[in-house]
Number of protein chains: 2
Amino acid sequence: MAGKPKLEDVARFAGVSPTTVSRVLNNRGAISDKTRRRVNDAIAQLNYHPNEIARSLFVSKTHFIGLVFPTTGHPFYGELIFQIENILSEKNYKVLICNTMDQAEKEKKYLDMLLANQVDGMIVGAHNIGIETYQRAHLPIVAIDRKVSDTIAVVSSDNYGGGRLATEDLLNQGLTKIIHINSVPCEEAPSSLQRRKGYEDVMKEHGLPFKTYELDYPFDREAKIQILSSIFAQNPAIDGMFISDDMTAAIALSMVRKMKRDIRIVGFDGTETVTTCVPELTTIVQPLRAMAQLAVDLLLKEINNEFDGIKKNYILPVTLRRGT
Amino acid sequence: MAGKPKLEDVARFAGVSPTTVSRVLNNRGAISDKTRRRVNDAIAQLNYHPNEIARSLFVSKTHFIGLVFPTTGHPFYGELIFQIENILSEKNYKVLICNTMDQAEKEKKYLDMLLANQVDGMIVGAHNIGIETYQRAHLPIVAIDRKVSDTIAVVSSDNYGGGRLATEDLLNQGLTKIIHINSVPCEEAPSSLQRRKGYEDVMKEHGLPFKTYELDYPFDREAKIQILSSIFAQNPAIDGMFISDDMTAAIALSMVRKMKRDIRIVGFDGTETVTTCVPELTTIVQPLRAMAQLAVDLLLKEINNEFDGIKKNYILPVTLRRGT
DNA sequence: ATGAAAGCGCTAACAG
DNA sequence: CTGTTAGCGCTTTCAT
């Protein structure tokens with residue numbers, strides 16, 4: 001045998017037609033026990049493995065799902081992608097991964113790639129090109145943490161509630177001079193704006209002054225340290241900080257410890273990774289597992305045309321995890 | 001137009017043959033400028049996107065690479081996968097991701113899936129089924145951190161050297177009562193054994209007593225805390241620990257701080273994530289980026305039959321990063 | 001219960 | 001420079 005055996009080889013070996021082999025493979029139609037056995041024997045003998053690509057071409061369904069996220073290297077996305085892939089593989093879907101690195105150009109290239117490879121659907125957590133670009137694909141798509149759209153389901157956690165929860169927790173501890181650190185706002189991903197609004201609303205309701213800083217370069221540690229330093233210098237009297245992501249919060253916590261200042265910090269995300277590395281950090285926990293489950297459920301419903309098509313915006317509750 | 005336009009539709013629209021369209025698409029053969037323009041116009045008009053699946057079937061090459069790792073949710077693998085995917089996408093390869101969760105059964109299922117989907121090659125960092133199982137695939141494969149094999153290239157960092165480096169660093173600080181914490185040894189992934197040997201060799205060379213603990217459940221935080229507690233209780237006099245992974249080291253560091261004991265800790269991995277979250281942790285840094293680059297280079301060479309086929313075991317140098 | 005034939009969308013000889 | 005033809009490996013009518 002030169003190359004890999006194909007269905008035709010199995011058929012010849014078993015002395016039946018390709019059709020029959022296909023039927024055995026897919027459990028379709030009626031097959032006599034004897035034939036089935038003979039075919040299965042041949043499959044085993046030849047160590048035959050069906051070519052899913054050929055099958056995909058014929059049935060016009062690949063069972064591929066594209067996952068478009070900034071990077072698997074960030075714990076929030078890494079863990080979310082893990083959950084999503086896990087649930088999808090359970091349902092016999094396969095995952096093509098795309099790390100956009102927050103670059104619009106890469107995101108566009110990936111979108112084309114996924115379409116060219118006939119994915120059955122996509123879950124998009126990146127946010128550098130307009131969601132309209134995706135709509136043109138006329139494909140089942142679920143977005144995570146994106147601007148609400150008429151045609152695309154969006155799953156996110158309760159960012160506004162999380163912002164409130166974090167701020168209230170600091171207030172409950174008797175703190176009053178609380179600042180907020182956030183990323184630069186992004187039109188396509190309003191989640192950080194929601195967190196900010198939660199913080200500012202609570203501060204206003206309590207008649208307290210508030211101040212929000214917007215950090216750029218969300219993935220660069222050195223830059224964060226620089227900027228945090230100057231923020232600490234500018235705010236010698238603060239006693240609390242709500243920082244809208246755990247990685248930055250962890251850095252701030254470590255700086256506070258070194259400066260021996262008395263500042264309480266609440267972060268956001270609550271991934272296993274950061275909780276493990278920085279158990280003393282209080283944080284707002286996003287329900288990663290539930291978000292993944294919901295996103296997959298919605299996507300598969302769209303793919304199978306069972307989508308009721310009414311509700312398009314899903315907000316999942318967050319919880320506060322107190323640092324130890 | 002009912003479904004997606006296909007190459008034939010473009011041909012008809014442009015008034016040429018399918019072959020010509022294909023040639024324009026793939027820049028093959030000689031095409032008159034006029035024809036090319038007409039075809040490109042048709043492509044744009046119809047918003048045509050080539051079907052890569054059909055193409056793959058014909059050329060018997062998918063440009064798919066399977067990535068088999070325990071989980072994208074762990075920073076080491078999440079960051080490594082990010083690097084690998086990044087380099088591969090640059091070369092127009094696409095990545096199918098598999099989270100084996102340390103389960104042999106899942107790993108086997110994924111292997112079958114990848115073969116069925118005609119991947120051009122695989123990079124394997126999971127280690128629950130024998131590497132021989134992969135050899136049967138007769139496919140270009142590169143392994144990361146696995147038992148050396150005659151037929152499969154293995155990329156790893158200098159685990160033995162890292163173990164030595166970590167231990168020597170503790171000794172250089174005047175510490176002498178140093179224990180080592182490791183995972184349970186695994187036949188297929190000898191890297192932790194190497195780290196252990198590095199530690200034990202150095203201790204022996206200095207005539208010092210040594211003790212290695214083997215932790216199970218490498219990804220479960222609560223279990224780790226339990227076991228670490230009892231280790232701390234059993235060792236009231238230690239002044240140093242070499243812990244063979246950063247996540248566990250971070251937990252230990254946090255416990256040490258709470259107990260106010262004076263114990264220096266050196267971890268292993270040195271991911272961006274953990275370095276960001278726990279900058280005060282001293283650790284042995286694995287060259288993630290270089291490992292990814294080398295693994296991809298080797299894989300693509302095998303795929304393109306440029307593999308010289310001599311050296312099969314690649315060990316990359318580690319560095320020590322001092323905590324701040 | 002089984003087989004023959006057509007074709008999923010594309011590309012690569014081979015002609016012209 | 002362009003078109004005709006055959007076929008990648010599989011599944012599915014439509015016969016028998």
Side-chain angles (χ1 to χ4, degrees), chain A residues 1-40 42-43 46-64 112-120, chain B residues 1-43 46-64 112-113 115-120:
Chain A
M1 185 79 53
K4 290 179 222 172
K6 39 179 156 181
L7 187 139
E8 202 192 317
D9 299 319
V10 176
R12 205 182 355 254
F13 192 94
V16 297
S17 79
T19 315
T20 302
V21 177
S22 172
R23 280 200 268 255
V24 170
L25 245 29
N26 300 293
N27 260 318
R28 245 190 275 295
I31 304 274
S32 77
D33 271 10
K34 197 171 57 178
T35 309
R36 182 187 306 276
R37 199 164 4 225
R38 254 211 315 227
V39 170
N40 281 326
I43 289 175
L46 300 178
N47 189 29
Y48 168 74
H49 288 269
N51 182 331
E52 274 289 319
I53 297 297
R55 181 168 204 290
S56 293
L57 178 59
F58 189 90
V59 301
S60 307
K61 276 221 163 222
T62 55
H63 272 65
F64 287 137
D112 284 347
M113 181 277 274
L114 293 173
L115 292 177
N117 285 280
Q118 315 299 119
V119 294
D120 291 349
Chain B
M1 185 77 53
K4 291 178 223 172
K6 41 180 155 185
L7 186 139
E8 202 193 317
D9 299 321
V10 176
R12 205 183 354 255
F13 191 96
V16 298
S17 78
T19 313
T20 302
V21 178
S22 171
R23 279 200 267 256
V24 170
L25 246 29
N26 300 291
N27 259 318
R28 246 191 274 295
I31 304 273
S32 76
D33 271 10
K34 195 171 58 180
T35 309
R36 183 187 307 278
R37 195 161 10 227
R38 250 210 317 225
V39 170
N40 282 326
D41 268 14
I43 288 175
L46 300 178
N47 189 29
Y48 167 73
H49 287 270
N51 182 331
E52 273 290 320
I53 297 297
R55 181 167 204 290
S56 293
L57 178 60
F58 189 88
V59 300
S60 308
K61 275 220 165 228
T62 55
H63 272 65
F64 287 138
D112 283 348
M113 180 278 273
L115 292 177
N117 285 279
Q118 315 299 116
V119 293
D120 291 348

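Just so we're on the same page: letters track the sequence lines, and every chain starts at 1.
- The side chain of B:Tyr48 places an N or O atom within less than 4.0 Å of a non-bridging phosphate oxygen (OP1 or OP2) of C:dC10.
- Two end axes, each from the C1' atoms of five base pairs, can be drawn for the helix from C:dA1-D:dT16 to C:dG16-D:dC1; they diverge by 40°, to 10 degrees.
- Atom CD1 of B:Ile31 is separated from atom P of D:dG3 by 9 Å (rounded to the nearest Å).
- Between A:Val119 and A:Met113, the closest side-chain pair of non-hydrogen atoms is not below 4.5 Å.
- Atom CZ of residue B:Arg36 and atom CG of residue B:Leu25 lie 11.0 Å apart, to the nearest 0.5 angstrom.
- Atom CG in B:Asn26 sits roughly 11 Å away from atom P in C:dC10 (whole-Å rounding).
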Item to complete: Mind running side-chain contact (heavy atoms from CB on, under 4.5 Å) on A:Thr62 and A:Asn117 for me, showing each step along the way?
Response: CA-CA 8 Å; A:Thr62 55; A:Asn117 285 280; over 6 Å; no

Fill in: Test side-chain contact (heavy atoms from CB on, under 4.5 Å) applied to A:His49 and B:Asp112, step by step
CA-CA 8 Å; A:His49 288 269; B:Asp112 283 348; 4.0 Å; yes

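- For C:dA12, one of the phosphate oxygens OP1 or OP2 lies less than 4.0 angstrom from a side-chain nitrogen or oxygen of B:Arg28.
- Between A:Lys61 atom NZ and D:dT11 atom P there is a gap of 16 Å when expressed in whole angstrom units.
- Here the closest heavy-atom approach between residue A:Phe13 and residue A:Ala42 is recorded as CD2-CB, 3.5 Å.
- An OP1 or OP2 oxygen of C:dT2 is reached within less than 4.0 angstrom by no side-chain nitrogen or oxygen of A:Thr20.
- Projected onto DNA chain C by closest heavy-atom contact, A:Ser32 and A:Phe58 fall at different nucleotides, the more 5' of which corresponds to A:Ser32.
- The interatomic distance linking A:Leu7 (CG) with C:dG7 (C1') rounds to 15 Å, in whole Å.
- A side-chain N or O of A:Thr20 and one of A:Ser17 form a donor-acceptor pair less than 3.5 Å apart.
- OP1 or OP2 of D:dT2 has not a single side-chain nitrogen or oxygen of B:Ser17 nearer than 4.0 Å.
- Rounded to whole Å, atom C1' of D:dC10 lies 13 Å from atom CD1 of A:Ile43.
- Two residues are said to be in side-chain contact when any heavy atoms from C-beta on lie closer than 4.5 Å; A:Leu114 and A:Phe64 fail this criterion.
- Under 4.0 angstrom from either OP1 or OP2 of C:dT11 there lies at least one side-chain N or O belonging to B:Ser22.
- Atom CG in B:Asn117 sits roughly 15 Å away from atom P in D:dG9 (whole-Å rounding).
- Here C:dT11 presents its P atom at 13 Å from NE2 of B:His63, a figure rounded to the nearest Å.
- Between the CZ atom of B:Arg55 and the C1' atom of C:dT11 there is a distance of 8 Å, rounded to whole Å.
- Taking the side chain of A:Ala30 as heavy atoms from C-beta on, and the options C:dA1, C:dA4, C:dG9, the nearest nucleotide is C:dA1.
- Taking CZ from B:Arg55 and CD from B:Glu52, the interatomic distance works out to 6.0 Å, rounded to the nearest 0.5 Å.
- When distances run from any side-chain atom of B:Ala54 to the nucleotides C:dA13, C:dG9, D:dC10, the shortest one goes to C:dG9.
- Each of A:Leu57 and B:Arg23 has a nearest nucleotide on DNA chain D; the 5'-most of these lies closest to B:Arg23.
- At C:dT2, one or more side-chain N or O atoms of A:Thr35 fall inside 4.0 Å of OP1 or OP2 (strictly under the cut-off).
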